[in-house]
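Reviewing the structure listed below.
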Amino acid sequence: MARHLITSAIPYINGIKHLGNLVGSQLPADLFARYQRGRGHEVLFLCATDEHGTPAELAAAKAGKPVAEYCEEMHDVQAKIADGFNLSFDHFGRSSSAQNHKLTQHFAGRLADQGLIREVTETQMYSHEDGRFLPDRYIEGTCPNCGFEEARGDQCDNCGKLLDPTDLIDPYSTVSGSKDLEERETKHLYLRQSEMRGKLADWIDSKKDWPILTTSIAQKWLNDGDGLQDRGITRDLDWGIAVKKGENDWPGMEGKVFYVWFDAPIEYIACSQEWVDAGKGTDWERWWRTDKGADDVTYTQFMGKDNVPFHTLSFPATIFGADEDWKLVDYIKSFNYLNYDGGQFSTSRGRGVFMDQALEILPADYWRWWLLANAPESSDSEFTWEQFQSIVNKDLADVLGNFVSRVTKFCRSKFGEAVPEGGDYGPAELALTDDIAARVKAYEKHMDAMEVRKSAAELRAIWTAGNEYLQTVAPWSTFKEDPDTAAIQIRLALNLIRLYAVLSKPFIPDASAQMLAAMHTDDDSWPDDVSAALHMFQSGHEFTVPDITFRKITDAERDEWQEKFAGKRT
RNA sequence: GGCGCGGUAGCUCAGCUGGUUAGAGCGCUCGACUCAUAAUCGAGAGGUCGGGAGUUCAAGUCUCCCCCACGCCA
């Protein structure tokens, strides 16, 4: 039995994520976790909310709540939605947890001990009214280059010129609108990533089997311009993890917190401590410490392409730099973006479908299937309602759902609601068994390689094989002259329903559960031996004709939803 | 402007280290079947692989140039 540690990039706390975010990390990670569990392997699947940083503070202020309270509420909202999508996290943690505070401070201390932290004094804009330093993009003013009055502190959106906040004429805070700004010197810690460039480059170079998307992004950051740059790991904020050197104070860094990108990935580890502290597990170190049993763990991370630099370089720099026995990632599966109907999903414009809205109009399985079967693996991909409707109706309702329906209803009408007796499998049944066995092997190969779209295609082909078989042997015909032969055929078909439920569980867990329930079984063991699996139900085994497994999406619904989620275009 | 990823049948996409008539699903046409959610199964018609040049016995698949879309960065 292998051991798989699986993490999904942790979603930011300020709001509900859209389907593009879902398919980029949490959903494929869940697919892989469910598959590995299905194969009988030991899995620890972790995710969390990413709660620190200025956007969280501003979102809380907008909601009129203390930031801690806001984060707690939003964490619960996101947890419920994740649950609604059947994301099977062993624990859904929080980067603001006590465990992460302590661990982040520990890493910072280790890095300092190794000489990998340097202090930098820089000038930033301080807003008296807001009582805080403002990130560049939260300062606006008149562009000195083109006169545009709403140029941001980092760049003018009108002429494109790159700016420093201090360049702006009449700068003001976009948080409060205040013009009472002042340049102040402030000291920050930088992680000396440049020191580790060689080590990181060697490590990335050794990962020949990683997706091109993953390695090409890493290479770019390693080699672009002057190469990998040192990065600030602290901010002048109230909300976050206090800057400490392990358990000790950090002279000169009082009142500062770690920058969100530094503490967020450490939450992957802290999350496993939360998992233990929540009573769900007993030993987190055997997943994370190679000196304490984690050397046989396979660690896989899932993320959208925007997160690749942090996972290929920054977080590994932290791990390498700490020079302790931490488990390093073995495989990084990254995804491109999902576009929405000819453009991008847009949170600010309300364009596209968000996770809560998706669940309001259709059950999770419908979304899971479409999203995974069309996952943006090799390039950005496109969501259109027409495509969604046709895929869902064809694959789920017609090919799989109708198979369950035709088999159970035929049996009920001719033999009753129990597996019929008589005869034994003949050549046609053996041929189907061989065909499916080969396809299951192909399915496993694709799933092992995290080839999401190919896995979906193979699974669909397995469903289709059942319909092909029925069409060929035609039990409705054989029943007329030779009921025993029809009994053999329908017995095999009933066994196929259970087999399909097991194989499909990673993609469509609810439908899988419904199928197993209809077949009056909870045996979802993986069909390592397809022939044996297709002999499981013997004559007399009772079942119940289930309700429709998947309904169809009507043209009217499709048009209505297309209109509803179009958002405001500008 | 630089970099990255793409540009393959009407649509969404596969095509690894170059090698027989370029593939899948959907859609479309025709046929079969009637157990089933007007479902299923089969057959067929549709691409010369963004454009151009080159390397090679052989290129969608390697090289160079150009065009287009998207993304990132400065």
Side-chain angles (χ1 to χ4, degrees), chain A residues 20 154-156 160-164 208-209 211-226 229 304-309 334-345 369-371 373-415 442 446 449 451-461 463-480 486 489-490 493-494 497 545-554:
Chain A
D154 51 350
Q155 181 174 24
C156 173
K161 185 172 176 60
L162 291 172
L163 303 169
D164 266 332
K208 303 295 185 198
D209 61 331
I212 294 171
L213 182 65
T214 303
T215 50
S216 67
I217 291 173
Q219 292 293 354
K220 175 187 180 282
W221 283 67
L222 282 167
N223 301 318
D224 223 33
D226 298 329
Q229 301 297 301
K305 59 183 171 186
D306 51 329
N307 263 316
V308 170
S334 55
F335 289 84
N336 282 287
Y337 292 143
L338 179 67
N339 288 319
Y340 180 80
D341 212 6
Q344 293 182 320
F345 276 86
W369 177 254
W370 188 88
L371 289 167
N374 296 279
E377 287 180 293
S378 59
S379 65
D380 290 355
S381 70
E382 183 89 4
F383 175 93
T384 65
W385 286 101
E386 289 81 2
Q387 198 78 12
F388 177 65
Q389 178 195 27
S390 84
I391 297 274
V392 164
N393 288 356
K394 192 70 186 174
D395 295 355
L396 297 182
D398 295 347
V399 176
L400 177 62
N402 181 56
F403 178 81
V404 174
S405 182
R406 69 193 295 203
V407 170
T408 53
K409 286 180 180 169
F410 178 80
C411 187
R412 179 174 63 183
S413 97
K414 306 300 182 193
F415 301 102
H446 289 137
E451 299 252 34
V452 179
R453 298 174 83 126
K454 287 178 182 174
S455 299
E458 195 59 52
L459 179 59
R460 186 189 187 282
W463 297 339
T464 299
N467 282 315
E468 284 172 20
Y469 168 76
L470 283 185
Q471 207 63 33
T472 305
V473 300
W476 49 89
S477 293
T478 55
F479 182 77
K480 291 169 188 163
Q489 293 162 345
I490 216 66
L494 288 166
I497 292 176
V545 173
D547 291 335
I548 294 290
T549 309
F550 291 102
R551 72 174 185 85
K552 294 201 187 198
I553 297 169
T554 66

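Here is the naming used below: chain letters follow the sequence lines, and residue numbers restart at 1 for every chain.
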d([atom1], [X]; [atom2], [N]) in whole Å:
X	N	atom1	atom2	value
Leu470(A)	A32(B)	CG	C1'	16 Å
Asp306(A)	C73(B)	CG	C1'	14 Å
Asn374(A)	C13(B)	CG	P	8 Å
Phe335(A)	C70(B)	CZ	C1'	19 Å
Ile497(A)	U37(B)	CD1	P	13 Å
Tyr337(A)	C72(B)	OH	C1'	8 Å

[N] to [M] separation - [atom1] atoms, rounded to the nearest Å:
N	M	atom1	value
C13(B)	G54(B)	C1'	30 Å
G4(B)	U12(B)	P	26 Å
G23(B)	U63(B)	P	25 Å
C41(B)	U34(B)	C1'	12 Å
C67(B)	U20(B)	P	33 Å
U61(B)	G15(B)	P	15 Å
C72(B)	C49(B)	C1'	28 Å
U8(B)	G51(B)	C1'	15 Å

Out of [options], which nucleotide sits closest to the side chain of [X]?
X	options	value
Ser477(A)	C11(B), U34(B), U37(B)	U34(B)
Lys552(A)	G71(B), U37(B), C41(B)	U37(B)
Lys394(A)	U12(B), U34(B), G27(B)	G27(B)
Val399(A)	C13(B), C35(B), U40(B)	U40(B)
Lys409(A)	U12(B), C35(B), U37(B)	U37(B)
Arg453(A)	U37(B), U40(B), C13(B)	C13(B)

Would you indicate what [X] reaches in the nucleic acid, counting non-hydrogen atoms under 4.0 angstrom: base, sugar-phosphate, or nothing?
X	result
Phe550(A)	base
Lys414(A)	nothing
Ala457(A)	nothing
Gln387(A)	base
Ser381(A)	sugar-phosphate

Practice prompt. Would you mind telling me which residue lines up with the more 5' stretch of RNA chain B, Lys305(A) or Ala465(A), judged by nearest nucleotide?
Written response: Ala465(A)

Response to the item:
RNA chain B nearest-nucleotide lookup for Thr549(A) and Arg460(A): closer to the 5′ end is Arg460(A)

Fill in: pi-stack flag for Trp476(A) and C35(B), centroid dist under 5.5 Å, interplanar under 30°
yes

Discussion item. G15(B), OP1 or OP2 - any side-chain N/O from Lys454(A) closer than 4.0 Å?
Written reply: yes

For [N], what is the paired nucleotide under Watson-Crick or G-U wobble rules, both distances under 3.5 Å?
N	answer
C62(B)	G54(B)
C5(B)	none
A74(B)	none
G25(B)	C11(B)

Worksheet item: Can you check G46(B) for me, syn or anti if syn means within 90° of 0?
Response: syn

Practice prompt. From the options Ile497(A), Thr549(A), Thr464(A), select the one residue that forms a side chain to side chain contact (heavy atoms under 4.5 Å, CB included) with Phe403(A).
Written response: Ile497(A)

Worksheet entry | Smallest separation among heavy atoms of Val399(A) and Asn467(A), with atom names | O-ND2, 3.1 Å

Worksheet item: For the residue pair Val473(A) and Gln489(A), what are the closest heavy atoms and their distance?
Response: CB-NE2, 3.3 Å

Fill in: Side-chain donor/acceptor of Asn402(A) to base of A36(B), under 3.5 Å
yes

Worksheet item: Could you state the interatomic distance from CZ (Phe550(A)) to CG (Leu400(A)), rounded to the nearest 0.5 Å?
Response: 6.0 Å

Worksheet item: To the nearest 0.5 Å, what is the distance between CG (Leu396(A)) and NZ (Lys552(A))?
Response: 11.0 Å

Discussion item. Strictly distance-based, threshold 3.5 Å: is any side-chain N or O of Thr478(A) a donor or acceptor partner for the main-chain N or O of Pro475(A)?
Written reply: yes

Discussion item. Between Phe388(A) and Trp385(A), does the ring pair (Phe, Tyr, Trp, His ring centres under 6.0 Å) criterion hold? Intermediate values first, please.
Written reply: CA-CA 5 Å; Phe388(A) 177 65; Trp385(A) 286 101; 5.8 Å; yes

Item to complete: Classify the ring geometry between Trp370(A) and Phe383(A) as parallel (under 30°), tilted (30 to 60°) or perpendicular (over 60°).
Response: perpendicular

